[in-house]
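These notes are about the structure you will find just below.
Atoms within each ligand, like the ligands themselves, are counted from 1 in listed order.
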Amino acid sequence: MQNKIVIFDTTLRDGEQSPGASLTPEEKVKIAKQLAVLGVDIIEAGFPVSSPGDFSAVKLVAQNVKGPVICGLARCTRKDIETCASAIKGAKRSRIHIFIATSDIHMKYKLKKTPEEVLEIAKESVKYARRFTDNVEFSAEDAGRTEFHYLCKVVEVAIGSGATTINIPDTVGYTVPEEFSKLIKNLINSVPNMDKAVLSVHCHNDLGLAVANSLAAVVSGARQIECTINGIGERAGNASLEEIVMTLKTRRKFFNLTYGINTKEIYKTSRLVSSLTSIPVQPNKAIVGSNAFAHEAGIHQDGVLKSKLTYEIMTPQSVGIPRSTLVLGKHSGRHALHKRLIDIGYRLRKNELDTMFQNFKNLADKKKYIFDEDIIALVEEKIEKIPECCSVDYYHISSGSGIIPVATVRLRLSKDKKIKVAQEAANGDGPVDAAYNAIDSLLIKEKVITSRPKLVDYKLHSISVGRDAQGEVITKVDYEGMSFTGRGTSTDIIEASIKSYLNAINRIVYNKNRGRQRRPPL
Ligand code: KIV
Ligand code: ZN
């Protein structure tokens with residue numbers, strides 16, 4: 001039996017069935033291209049007969065996305081199959097995925113057909129689909145609740161009629177891992193021609209068991225898993241791609257299975273899907289949630305600072321997250337605070353750190369999350385103020401639609417109690433970028449800094465209400481391997497942006513002078 005697990009991504013079909021998640025054809029192409037970069041084997045791009053929009057989306061994906069097999073879903077009717085075949089025909093490699101329900105409940109109440117009739121429809125539909133492609137997947141909908149001997153018969157007939165993949169969906173997320181694992185094993189042992197097709201599983205998450213059931217199935221011999229990014233999908237969703245793949249990776253010795261996914265693309269794909277579907281990822285979601293690599297408890301933070309192996313079973317980098325975070329809150333210890341202070345550019349003496357830790361704990365009792373800006377405010381209030389070596393004297397921006405934004409910025413530079421005024425102009429991708437480019441050039445020319453700081457984060461929010469509200473800009477820059485945060489407020493957001501950037505630069509200069517002249521590193 002082959003060791004490679006085929007990853008069948010149905011984010012654009014079952015995932016799009018999540019309430020409120022509808023995607024335009026262009027958005028589907030954007031996601032599909034990223035899924036190709038991620039390395040999925042098959043992209044189920046949609047259900048072409050369901051709407052003209054979905055037909056166009058599947059067609060556009062088939063024509064524009066290279067790499068994975070492009071698949072469309074169809075019911076067991078000639079019209080569905082023909083529409084699906086026409087939508088996917090632009091793809092280099094394509095698949096028709098047909099399905100019909102096989103459980104007693106579905107056959108009786110939904111289809112109003114006898115098991116014999118369903119068997120015949122399945123047989124004829126697979127044969128019909130094979131007229132258009134030699135890659136046909138057949139799904140026995142609600143297989144998890146289908147009578148076993150009947151399921152074996154349907155699977156045998158579907159394979160005999162030309163199905164190359166047989167999918168066993170736990171459509172309503174009803175099964176539990178041991179049971180589902182047995183079902184797969186029994187199918188492999190009971191269906192005489194089972195070795196002529198790839199056995200696939202498709203698990204829903206109604207009881208939170210979709211990933212566990214999918215993994216139990218591959219242990220029993222299934223070799224294709226149908227899943228979605230962020231686990232989105234009908235009702236409680238589908239098995240999550242990132243959880244499945246990272247389990248196979250992290251527990252490689254246990255599973256001894258391979259896959260074609262580049263796990264470093266997981267986070268980027270998750271963010272893209274979340275933003276285009278407008279479905280947020282819950283903070284504690286495994287692998288891609290904002291807390292997945294964040295440590296709050298003091299004991300954990302201390303452990304992670306000593307060795308990441310203590311509390312991290314996989315690295316954030318392995319899923320494309322740059323670094324793990326230590327969330328500062330009331331459970332955090334001195335060690336974590338010290339590390340964060342260094343990260344944002346402060347090297348305190350031991351007695352200063354003692355004072356700071358006391359103040360930090362007092363604040364943490366009142367406030368749930370302690371952000372970098374809170375720490376900066378504490379240091380400046382309790383320890384010392386950052387001297388202003390550069391401040392804005394004047395600026396002028398010209399910007400508008402169809403023109404390249406240009407900024408002229410004049411700064412007051414103070415050194416050794418002398419003030420100098422200098423001016424520079426630059427263009428950029430937007431007014432803020434132009435202003436930051438002008439500031440960088442001016443400060444490098446005046447030897448205040450030696451290279452351009454790298455802007456790694458920029459946040460703008462309103463700190464009062466109404467049209468004349470004050471905007472606050474928080475910038476984060478990397479400079480010579482350290483990170484510095486700046487803050488600026490104004491009713492003019494460009495001015496707030498400039499002030500914030502200069503505030504971060506003042507910290508860079510302060511940190512450099514402090515390190516050089518007065519403070520030996522701790
Ligand atoms: O959940 C399900 O049964 C499905 C089928 C169409 C495969 O999504
Ligand atoms: Zn489904």
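Between the side chain of S332 and the backbone N or O of V327, at least one donor-acceptor pair lies under 3.5 Å.
Ligand 1 lies nowhere less than 4.0 angstrom from a heavy atom belonging to E226.
Coordination check, E234 versus the Zn ion (ligand 2): failed, since every N/O/S atom of the residue sits at 2.8 Å or beyond.
Take the N/O/S atoms of H202: the one nearest the Zn ion (ligand 2) is NE2. The atom of D14 that is an N, O or S and sits closest to the Zn ion (ligand 2) is OD2.
Here the shortest heavy-atom pairing between D433 and G428 reads OD2-CA, 3.4 Å.
Note on ring orientation: taking the six-membered ring where Trp is involved, the planes of F132 and Y128 are perpendicular (angle over 60°, cut-offs 30° and 60°).
With a 4.0 Å heavy-atom cut-off, ligand 1 is reached by the side chain of R13 but not by its N, CA, C or O. Contact annotation for D14 and ligand 1: only side-chain heavy atoms (C-beta onward) come within less than 4.0 Å of the ligand.
Classification of K4 and D41 as a salt-bridged pair holds, one side-chain N sitting under 4.0 Å from a carboxylate O. Contact check on K459 versus D457 returns a salt bridge, with a Lys/Arg side-chain nitrogen under 4.0 Å from an Asp/Glu carboxylate oxygen. Ion pairing between R13 and E226 fails under the 4.0 Å rule for side-chain N and carboxylate O.
Of the listed residues (R235, H204, Q17), the one carrying the non-hydrogen atom nearest atom 1 (O) of ligand 1 is H204. Nearest-residue assignment for atom 4 (C) of ligand 1 (options E234, H202, R75; heavy-atom criterion): H202.
For ligand 1, the polar-atom distance check against T171 finds a nitrogen or oxygen pair separated by under 3.5 Å.
Nearest to atom 7 (C) of ligand 1 among the protein's heavy atoms is S139 OG, 3.6 Å.
When each atom of ligand 1 is checked for a heavy atom of E141 under 4.0 Å away, the hits are 3 (O).
Taking OG of S270 as the reference point, atom CD1 of I229 lies at 7.5 Å (rounded to 0.5 Å).
Geometrically, R75 does not engage F99 in a cation-pi contact defined by less than 6.0 Å to the ring centre and at most 45° from the axis.
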